[in-house]
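The structure appears below as structure tokens.
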Amino acid sequence: MKEYNHLKIEKKIQENWKKKEIYKAKDFKGKKYYSLIEFPYPSGDGLHVGHVRGQVAMDIVSRKRRMEGYNVLYPIGWDAFGLPTENYAIKTGKRPKVITKKNTDTFRKQAKSLGISFDWSREINTTDPAYYKWTQWIFLQFYKKGLAYKAEIPINWCPRCKIGLANEEVVDGKCERCGEMTERRMKNQWMLAITKYAERLDKDLDLVDYPERVKSSQRNWIGKSEGSEIDFKITLPKNSEKLLSRFSHSNLTTDNESNIAYKAESTSQNFLGVLKVFTTRADTLFGVTYVVLAPEHDLVQKLLPNILNKNEVSKFIDEIKKKSELERTGENKEKIGIELKGIKATNPANGEEVPIWIADYVLANYGTGAVMAVPQHDTRDRDFAEKYNLPIIDRPLVDIQEITKKVGGKMVTKFKLRDWVFSRQRYWGEPIPLVNCDKCGLVPLSEKDLPLKLPEVKKYTLTETGESPLAGISKWVNTKCPKCKGKAKRETDTMPNWAGSSWYYLRYIDPKNKNKFVDPKKLNYWSDVSNKDLKAKSYKLKAGPVDWYNGGMEHTTLHLLYSRFWHKFLYDLKLVPMVEPYKKRTSHGMILGAGGVKMSKSLGNVVNPDDIIKTYGADTLRVYEMFLGPFEDGAIWNTESIIGSRRFIEKVWRIGEKIVTKQTNNFRNCALGDKRTGDPHVSENCLSASSLALKKLLHKTIKKVGEDIESMHFNTAISSMMILATEMEKSEFINTDDFKKFLQILAPFAPHMTEELYKQLTINNYELKIKKEKIISSIHLSSWPKYDENLIKDDEVKIAIQVNGKVRAEIMIQVSESEEIIKEKALKNEAVLRFINGAEIRKVIYVKNRLINIVI
RNA sequence: GCCCGAGUGGCGGAACCGGUAUACGCGCACGACUUAAAAUCGUGUCUCGCAAGGGAUGUGGGUUCGAUUCCCACCUCGGGCACCA
């Protein structure tokens with residue numbers, strides 16, 4: 001045994017793992033555990049230290065589960081469709097497929113060099129036709145159920161590049177490439193009706209174990225709110241003089257029968273329509289002084305003939321429509337609007353006629369696209385009222401439910417969530433598998449024609465009209481209708497990069513299946529659904545197949561929500577057994593560069609894991625990243641501190657070396673066993689006080705590390721192992737079995753070094769030679785050590801003695817000693833007496849095994 | 001503006017359920033080993049004070065025998081959402 005050479009050891013151990021396939025998950029074998037990380041986008045920059053953090057954390061969990069006897073599925077794949085690859089292809093002329101191949105090769109090599117225990121036999125790639133066949137297939141199921149539909153919606157249009165941009169490509173309202181301000185333009189887009197699942201996506205968060213911040217962020221995004229829908233009748237103004245006088249003299253009663261009666265009057269020939277508003281504050285109905293419609297509201301066009309200032313209004317609407325989302329909703333944007341002159345709305349609560357306005361601060365796609373304005377209670381309405389000199393009146397509040405009922409409205413639930421814009425005018429994505437037939441209209445491809453492969457193109461840039469590059473390949477576009485065999489054209493849009501990642505966790509279960517997206521039997525196994533469960537149907541309102549899913553906070557409202565939506569849809573089609581895909585979700589914080597800034601190429605502060613592995617080794621990098629700080633928080637990278645983790649690894653190595661070369665006294669040489677600890681190898685005689693203390697410390701550490709891994713407190717787990725290593729190195733006597741237990745709990749963190757030492761120790765273990773036991777193949781398949789309850793209890797503890805809450809002395813006590821005796825001891829203590837100084841003792845508080853507080 | 005999260009040494013951070021604040025690591029200083037250096041090991045390292053002792057967990061209050069922990073107000077930073085009626 002020689003000096004610790006991480007390069008040699010790690011290479012050797014990794015080759016051995018590969019040969020023996022020890023991380024392969026086997027279907028239908030024993031109790032399963034499914035741990036998952038978000039599969040990375042294989043960018044040209046290679047693996048980031050941030051990826052490493054998440055992969056290592058779940059690797060630790062997965063390794064511990066294996067040692068606990070679970071059949072663990074810890075898979076990996078590539079979320080490879082996406083813009084950076086496509087942009088790189090445009091710039092270099094290289095084929096996206098080739099770029100992706102190169103990048104995934106790099107990522108794979110890097111993950112392997114980190115010693116992550118992925119099951120490489122299940123690797124998937126979203127750009128592989130064998131994979132996206134099923135992405136397209138699921139899309140067609142959405143289509144068949146009417147949940148995938150086409151709609152004219154506004155997109156971000158860059159007037160200089162003459163292309164439509166995805167929201168991700170618009171930065172501060174400007175085109176990411178040329179910096180031109182983008183405009184809104186109407187375009188026919190594919191949509192997925194996620195809003196149909198809004199209620200369930202909100203409610204079912206109760207069924208899963210997600211961090212509170214993730215749940216609240218999703219709930220925020222879904223934006224459920226309960227309110228009232230109330231109708232305002234629109235009429236030509238009548239009795240305007242009478243109304244004005246009413247307005248100024250009306251008393252402040254809230255329960256006004258004559259006002260309600262007034263409602264009937266308005267159903268005259270002046271009636272023009274009904275304006276439905278949504279409000280969460282129906283209680284303020286008596287404070288309404290005007291109503292506002294979104295400029296895009298359908299009713300506006302219908303009312304136009306009756307509006308006196310229709311030219312001005314039309315002009316106003318045109319201007320608003322041209323504006324981008326940012327211009328319209330940007331920060332501190334001043335609200336603009338225009339009154340629809342010549343018509344009035346009637347407040348159903350008191351029959352008052354109020355003016356009707358349209359304004360940019362009312363959104364067409366939320367609620368009913370119209371609001372009742374109560375400047376007294378709403379700051380936005382107040383701003384607007386002040387600007388346009390609209391009345392602001394104060395009226396008493398009434399009961400929401402009561403008033404809603406009284407005015408003939410109803411209580412409703414609304415969501416902020418909007419349907420998902422599912423098409424991209426891009427090349428590097430899954431083609432949408434439908435054709436437009438002149439005769440039959442939109443026709444989906446049949447399953448046997450899937451996958452609809454992405455064709456090769458010469459240019460990846462968009463066409464002149466802003467369509468996908470696919471639109472330029474007439475050979476591909478012009479096809480036959482699957483239904484009537486007549487002429488048809490393919491859809492040329494592709495899916496967003498969120499498509500492939502919405503169901504990938506299911507494919508890992510059965511990655512090579514050619515006939516189904518996943519085999520239901522395998523899915524049931526990996527979801528822990530037994531035949532018995534199937535009969536009882538008790539499993540449905542649970543989450544699975546994934547037991548533990550770790551990923552970044554940045555995916556909380558997009559990927560995580562989208563994949564929950566797809567899963568629920570598949571559940572409704574009876575294709576997956578449970579309503580939720582992920583039982584438990586955790587999120588890690590970002591790793592930042594020095595000074596707490598994001599790592600970026602332009603700042604030159606990007607840390608390449610390859611360099612760290614080369615210099616310090618994968619084990620050191622793994623320990624370092626886990627030791628950085630609390631896993632769920634962000635962390636600041638500091639290359640200078642890595643040395644601490646390396647020292648720790650080397651320290652453990654030195655202890656191992658000492659044992660292997662027999663430079664230490666080993667309890668094993670003592671005969672008989674130890675009755676107290678039940679360890680057959682340890683004799684009572686050999687167990688000196690110091691070595692018993694070491695044994696106790698070991699068992700406490702086993703307990704702590706086990707618990708800390710479960711709660712992802714990796715930093716404190718490592719800290720406790722550092723303490724143990726220091727104590728072991730100091731100790732004259734080290735029990736080989738005890739040291740092996742230490743190696744086992746360290747193994748998930750530093751899998752290479754511990755594997756090597758474990759092997760060395762096993763080979764050198766003379767008892768095993770005597771027993772002719774088989775040499776254990778890998779520490780990672782050994783059993784997670786159990787701690788001894790008796791050994792984690794202390795017989796003696798140090799407690800503090802406080803006088804008036806201040807620590808004045810410390811004493812050792814036996815745990816078995818009674819409270820009275822301990823208090824007596826404390827009151828006799830010299831230092832304590834000095835502070836009491838004859839004063840009257842009012843109270844003595846004893847906290848078991850902690851402290852005594854004497855109040856004087 | 002709203003919703004989360006967080007403020008502890010020179011730095012990253014510990015502290016269970018309200019019970020000895022500053023574990024562990026980095027850095028720094030000194031010492032041992034060495035011809036020397038590196039590595040390693042040891043000692044020290046919040047602050048004021050010679051000491052006895054006092055003061056410190058963003059700030060100011062409160063509850064309590066006792067508060068980093070609970071409550072109220074405020075300040076700062078990070079993240080998310082943002083004209084959502």
Side-chain angles (χ1 to χ4, degrees), chain A residues 3 211-221 223-225 227-228 277-282 284 292 294 328-335 359-363 365-374 377-381 383-384 414-418 553-554 556-557 589-590 592 594 596 623-624 627-630 632-645 647-648 650-651 654 704 707 713 715-723 726 729-730 798-810 834-835 842-856:
Chain A
E3 211 164 281
E212 204 41 53
R213 58 178 177 161
V214 171
K215 283 192 185 183
S216 76
S217 171
Q218 287 215 350
R219 289 215 157 100
N220 217 2
W221 184 265
K224 181 176 174 172
S225 78
S228 320
V277 303
F278 172 69
T279 179
T280 53
R281 295 294 310 271
T284 64
V292 198
R328 206 174 138 179
T329 62
E331 222 175 324
N332 301 325
K333 170 74 181 55
E334 189 162 333
K335 299 164 186 32
D360 63 346
Y361 80 96
V362 175
L363 307 171
N365 46 14
Y366 181 74
T368 58
V371 299
M372 56 180 225
V374 188
H377 289 282
D378 184 286
T379 51
R380 291 157 306 185
D381 295 342
D383 289 346
F384 194 76
K414 298 279 179 190
F415 297 92
K416 281 191 213 173
L417 188 71
R418 295 174 198 177
M553 268 314 276
E554 70 274 23
T556 299
T557 49
M590 244 199 318
L592 303 167
V623 168
Y624 171 69
F627 189 58
L628 261 179
E632 307 230 319
D633 294 358
I636 292 171
W637 184 272
N638 180 11
T639 302
E640 214 184 29
S641 325
I642 297 176
I643 192 69
S645 302
R647 282 177 188 152
F648 167 58
E650 282 183 14
K651 185 177 282 184
R654 279 200 308 272
K704 176 146 182 70
E707 289 167 357
H713 292 143
N715 53 336
T716 50
I718 291 167
S719 142
S720 68
M721 288 190 284
M722 282 171 165
I723 295 168
T726 304
E729 195 177 35
K730 273 196 252 171
K798 192 166 74 179
I799 66 162
I801 306 173
Q802 297 182 334
V803 178
N804 281 353
K806 287 205 166 140
V807 179
R808 298 302 183 188
E810 282 173 349
R834 206 145 37 88
F835 280 95
R842 291 171 53 192
K843 219 198 257 185
V844 180
I845 294 148
Y846 174 57
V847 183
K848 199 167 189 311
N849 299 341
R850 291 273 175 190
L851 55 72
I852 288 178
N853 191 11
I854 300 163
V855 187
I856 55 169

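Residue numbers start from 1 in every chain, and the chains themselves are labelled A, B, ... in the order their sequence lines are given, proteins ahead of strands. Computed from heavy atoms alone, side chains included, the values below leave out hydrogens, waters and symmetry copies.
Counting non-hydrogen atoms under 4.0 angstrom, Arg808(A) reaches the backbone sugars and phosphates but no base. Using a 4.0 Å heavy-atom criterion, one finds that Ser645(A) contacts no nucleic acid atom at all. Counting non-hydrogen atoms under 4.0 angstrom, Val371(A) reaches a base of the nucleic acid. Here Ser719(A) lies in heavy-atom contact (under 4.0 Å) with a base. Counting non-hydrogen atoms under 4.0 angstrom, Arg647(A) reaches the backbone sugars and phosphates but no base. Glu810(A) comes within 4.0 angstrom of a nucleotide base, judged by non-hydrogen atoms across all strands. Within 4.0 Å of Ile723(A), counting heavy atoms only, lie sugar-phosphate atoms of the nucleic acid but no base atom. Using a 4.0 Å heavy-atom criterion, one finds that Phe835(A) contacts the sugar-phosphate atoms exclusively.
Atom CG in Asp383(A) sits about 16 Å away from atom P in rA85(B), given to the nearest Å. One interatomic measurement links the two molecules: NZ of Lys215(A) to C1' of rC81(B), which rounds to 20 Å at whole-angstrom precision.
Contact annotation: Arg834(A) reaches the phosphate of rG53(B) (side-chain N/O to OP1 or OP2, under 4.0 Å). Of the side-chain N and O atoms in Tyr366(A), one or more sit less than 4.0 angstrom from OP1 or OP2 of rA85(B). The side chain of Arg213(A) contributes no N or O atom lying less than 4.0 Å from OP1 or OP2 of rG80(B). A close approach under 4.0 Å does not occur between any side-chain nitrogen or oxygen of Lys843(A) and OP1 or OP2 of rG66(B). Side-chain nitrogen and oxygen atoms of Arg654(A) include at least one within less than 4.0 Å of the OP1 or OP2 phosphate oxygen of rC41(B). Look at Lys806(A) and you'll find a side-chain N or O under 4.0 angstrom from OP1 or OP2 of rG55(B).
Side-chain contact between Asn365(A) and Arg418(A): present, with at least one pair of heavy atoms (C-beta onward) separated by less than 4.5 Å. By the 4.5 Å heavy-atom criterion applied to side chains, Thr284(A) and Met372(A) are counted as neighbours.
Taking the C1' atom of each, rG1(B) and rG54(B) are spaced 45 Å apart, rounded to whole Å. Rounded to whole Å, the separation between the C1' atoms of rG60(B) and rG10(B) comes to 28 Å. rA6(B) and rG12(B): their C1' atoms are spaced 15 Å apart (whole Å). On the C1' atoms, rU57(B) is 10 Å away from rU69(B), given to the nearest whole Å. Rounded to the nearest Å, the gap between the P atom of rG25(B) and that of rU43(B) is 12 Å. Across the C1' atoms, rG58(B) and rG78(B) are found 15 Å apart, a figure rounded to whole Å.
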Q) Between Tyr846(A) and Lys848(A), is a side-chain contact (heavy atoms from CB on, under 4.5 Å) present by the stated rule, with each step listed? A) CA-CA 6 Å; Tyr846(A) 174 57; Lys848(A) 199 167 189 311; 4.2 Å; yes

Q) Along nucleotides 7-14 of chain B, 5' to 3', which nucleotides get a B, which get an S, and which get a -, given that the test is a protein heavy-atom distance under 4.0 Å? A) -----BSS

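Evaluation of atom-type donor-acceptor distances gives a pair under 3.5 Å for the side chain of Lys335(A) against the base of rC83(B). In the interface, the side chain of Arg219(A) is not paired with the base of rC81(B) through any donor and acceptor atom under 3.5 Å apart.
Interface residues of residues 798-805 of chain A facing RNA chain B, ordered by number: Lys798(A), Ala800(A), Gln802(A); criterion, heavy-atom separation under 4.0 Å.
Below 30°, between 30° and 60°, or above 60°: for Trp637(A) and Tyr624(A) the angle between ring planes is above 60°, a perpendicular geometry.
Checked by atom type and distance alone, the side chain of Asn804(A) pairs as donor or acceptor with a backbone atom of Ile856(A) at under 3.5 Å.
When each of rU20(B), rG19(B), rC41(B) is scored by its nearest atom to the side-chain atoms of Val807(A), the top-ranked nucleotide is rU20(B).
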